Structure formats: structure tokens, C-alpha cells
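Let me begin by presenting the structure, written as C-alpha cells, before commenting on it.
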Protein chains: 2
Amino acid sequence: MSPDLITRLKEAGIQPSAQRLAVAGYVLQTDAHPSADEVMSEVQANFPMLSRATVYNTLNLFVEKGLLRQLVLAEGKTVFDPCLEPHHHFIDEESGRIEDVPWDAVKVGDVKGLKGYEVHEYMVVMRGRKLGGSRMSKKR
Amino acid sequence: MSPDLITRLKEAGIQPSAQRLAVAGYVLQTDAHPSADEVMSEVQANFPMLSRATVYNTLNLFVEKGLLRQLVLAEGKTVFDPCLEPHHHFIDEESGRIEDVPWDAVKVGDVKGLKGYEVHEYMVVMRGRKLGGSRMSKKR
DNA sequence: GTCAAACTTTGGATTATGTCTAAATCCGAA
DNA sequence: TTCGGATTTAGACATAATCCAAAGTTTGAC
Ligand SMILES: [Mn+2]
Ligand SMILES: [Mn+2]
Ligand SMILES: [Zn+2]
Ligand SMILES: [Zn+2]
């Protein structure tokens, strides 16, 4: 489909196979933080020729090549985040849904100057309740 | 052993059985962040009559009763933290070891005032390299 | 003190996430 | 067209964690 995606994969040094494009079409463009299982379900809906092994292979490849970040924030499953810029995360305690919080929305002090540590990256992880539950935001 | 521990369990509404005291003796007093497996190994060294199921039962009970916090910060295993006060966490990228960072060591802005969210708790999660690797700190 | 009910522990089965392997398939270049 | 490396795949494997039902232990009413 999108020639943009083909270009992005190639630029990352990844052969754009049909399966990889199908996975990329979902996981590189979602604003959710899907688990491997969710990626497989979503992609298989439109592209059934996709095995579980390939989903894992592809997600791990994307992480390795820097197209995705892998996050472990909650019990039982690691999730994938296509947003590469630094940002924080809010976890809704009811639904488990993970939302991005812009970097500038939370001011964090002199982390990099912490004595005794060489901090390579950091984020604020928040848990609580999402307000304004009126507009139901379905997936995608 | 320690009557303090018996008291703590009772105050939390937990019957202080032998197994629970053995687990508590380690996990409520460590300054590490052990996984369930590590708890089992450590405790079984002095108290062999302890099954895997009981370790999980006990840790989950302690979490439920508020004696422990359960953290999921890295791939593959959840860990338990006896420090109940708010604090931040630093994860050494080489060893995977998790260290506590005092609440006041990092200034975080107006998280609780974040528009659209009701934040119940938050922490800064840092990843990087621990400096001053001279004094080897073994476990315990 | 007895004894039944409730609580606790336990081994083994079960589920779930993720990796590995080796064979089949695909695909681009010669 | 053909070859060889890359990709995909089913299923085996590994591991963390839960579930279950039986066995053991504690407790309290009597
Ligand atoms: Mn994102
Ligand atoms: Mn601690
Ligand atoms: Zn994110
Ligand atoms: Zn801690």
C-alpha cells in the first residue's frame, strides 16, 4: 500500500515483505500500545496469511532496527510503542489502557545529574483514572 | 523469630503461619527487588518446607494486604518491593538490578494537576549505568 | 479435651507469553 | 530460468504464573 511505509522499512534496512508491511501498517501507525497478541489479531483481520512466529519476528526486528520501542509497564505482557520521541505514560487502572503523555506536560528535574548514576533514558509512569469518559474512543 | 514480623502480619490481617513468616522475614526486609523465584530460592535456603504455590500465594497476599508493592519494570518478571513510601526506580541496563531513588532526589512537576487524568500514583523510571562499580554490593 | 469447620499448604496440571528449530516458501539477481 | 539467501511457518520448547483438588493444620465452639 503506502509507499511511505515501504520507504521507511527500506531506510531502516528492512526488506519490505508482504507480512512485514501488513504488520507495519498497523503497529507503526497506531496510537495505542498493543501487545504482540493484539498486533496479530488486528493485522490478521485484513491479512490472514500471518503466523504467530512472524508477528514476533517482525516486532523484534522493528525494535532492533529502531522503528518501535518495547515497553514493559504492566503485568504479563510487553507492548510496542511506535512513538520514538521521549514521552511519559499514563496507565488507566480500570482498563489497563496505556496513553502517551507529552514530554513537556510534566516537568522533571535534574535527572541526568543524579549523583552516582549515568541515566540514559527516563520517563514518568503514572497510574490512575482517565477523566471525561464520555467520548468513547474505540481502537485505531 | 522476630515478634515484630508476627505483629506486622497480624496488623495487616494475615495469619502468621510458619511459611508466611519465613517469606516475610526475607521479602519484607530486603532492599533488593526480588522476583518470586528469587524469593523462593532465598527463603528455601533456611526454610525448605516451602512450595512454589505457597510463595506465589504469600506474595500475592502481601500485595493485597498492602505489605508489598508489585512492580513490572523489566521483561519477563514482576518483582516485589517492600518499600511502601513513594520513590523512584533506577534500572541498571547491564545487570538488570533495580535500585530505589529517594522521592526527593528527583523533582517532578504538577503531575496530579494533569488535565484529563486523575493520577493516583506515579514514579520516575530511569535506565542507565550505575557508576562507581568499585564496592561490589552482594545480595542481602 | 474433642471435633468439625475454616484456613493453609502442596504437587501437579493448566494457561499464557515468548523463543527456537528445521523445513517449506518466496524472491531478486545473475 | 535458476540459484541461493532471506523470509515465513507449524509446532516444539521454555518459562512465569495461576488453578485445582487433596492433604495438612489451626481454631474455636462445645
Ligand atoms: Mn505512542
Ligand atoms: Mn525498596
Ligand atoms: Zn508511548
Ligand atoms: Zn523500590
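Just so it is clear, the model here is predicted, and its values are computed rather than measured. Residue numbers begin at 1 in each chain, while the letters A, B, ... track the order of the sequences.
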Original post:
Which residues pass the salt bridge (Lys or Arg N to Asp or Glu O under 4.0 Å) test with B:R129, sequence neighbours left out?
Top reply: A:E118
Subject >> Nucleotide D:dA6, atom P - distance to CD of A:Q19 in whole Å >> reply: 17 Å
Original post:
How long is the line joining NZ of B:K10 and C1' of C:dC7, in whole Å?
Top reply: 16 Å
**OP:** Establish, with yes or no, whether the OP1 or OP2 oxygen of D:dT8 is under 4.0 angstrom from a side-chain nitrogen or oxygen of A:T54.
**Re:** no
Original post:
When you measure from the side chain of B:M49, which nucleotide among D:dT9, C:dT10, C:dT9 comes out closest?
Top reply: C:dT10
Original post:
Could you state the CG-C1' distance from B:L21 to C:dT9, rounded to the nearest angstrom?
Top reply: 15 Å
Original post:
For B:I6 and D:dT26, what is the distance between atoms CD1 and C1' respectively, to the nearest whole Å?
Top reply: 15 Å
Side-chain donor-acceptor pairs of residues 53-61 of chain A under 3.5 Å, sequence neighbours excluded:
residue: A:T54; atom: OG1; partner: A:S51; partner atom: OG; Å: 3.2
residue: A:N57; atom: ND2; partner: A:A53; partner atom: O; Å: 3.3
residue: A:T58; atom: OG1; partner: A:T54; partner atom: O; Å: 2.7
residue: A:N60; atom: ND2; partner: A:Y56; partner atom: O; Å: 3.3

**OP:** Take the protein atom CD of A:Q44 and the nucleotide atom C1' of D:dT9, then report the distance between them rounded to whole Å.
**Re:** 12 Å
**OP:** Round to the nearest Å and state the distance from B:L73 atom CG to D:dA16 atom P.
**Re:** 17 Å
**OP:** Take the protein atom CD1 of B:I14 and the nucleotide atom P of C:dT9, then report the distance between them rounded to whole Å.
**Re:** 11 Å
Original post:
Within the structure shown, what part of the strands sits under 4.0 Å from B:S17 by heavy-atom distance: base, sugar-phosphate, or nothing?
Top reply: sugar-phosphate
Original post:
Under a single-linkage rule joining Ile, Leu, Val, Met, Phe, Trp and Tyr whose side-chain heavy atoms are separated by less than 4.5 Å, which residues share a cluster with A:I91?
Top reply: A:L71, A:L73, A:V79, A:I98, A:M123, A:V125, B:L71, B:L73, B:V79, B:I91, B:I98, B:M123, B:V125
Let me have the donor-acceptor pairs involving side chains of residues 34-41 of chain B, under 3.5 Å, with sequence neighbours excluded, atom names and distances please.
residue: B:S35; atom: OG; partner: B:E38; partner atom: N; Å: 3.3
residue: B:E38; atom: OE1; partner: B:S35; partner atom: N; Å: 3.0
residue: B:S41; atom: OG; partner: B:D37; partner atom: O; Å: 3.1

**OP:** Ignoring hydrogens and angles, tell me if any N or O in the side chain of B:D110 forms a donor-acceptor pair with the backbone of B:G113 under 3.5 Å.
**Re:** no
Original post:
So with a 6.0 Å cut-off around NZ of B:K112, is the heavy-atom count from everything else above 12?
Top reply: yes
Original post:
To the nearest angstrom, how far is A:M40 atom CE from D:dT9 atom C1'?
Top reply: 12 Å
Subject >> Heavy-atom protein contacts under 4.0 Å, nucleotides 17-30 of chain C, coded B base, S sugar-phosphate only, - none >> reply: SBBB----------
Subject >> Shared-cluster residues of A:V72, by chain and number - hydrophobic side chains joined below 4.5 Å >> reply: B:V72
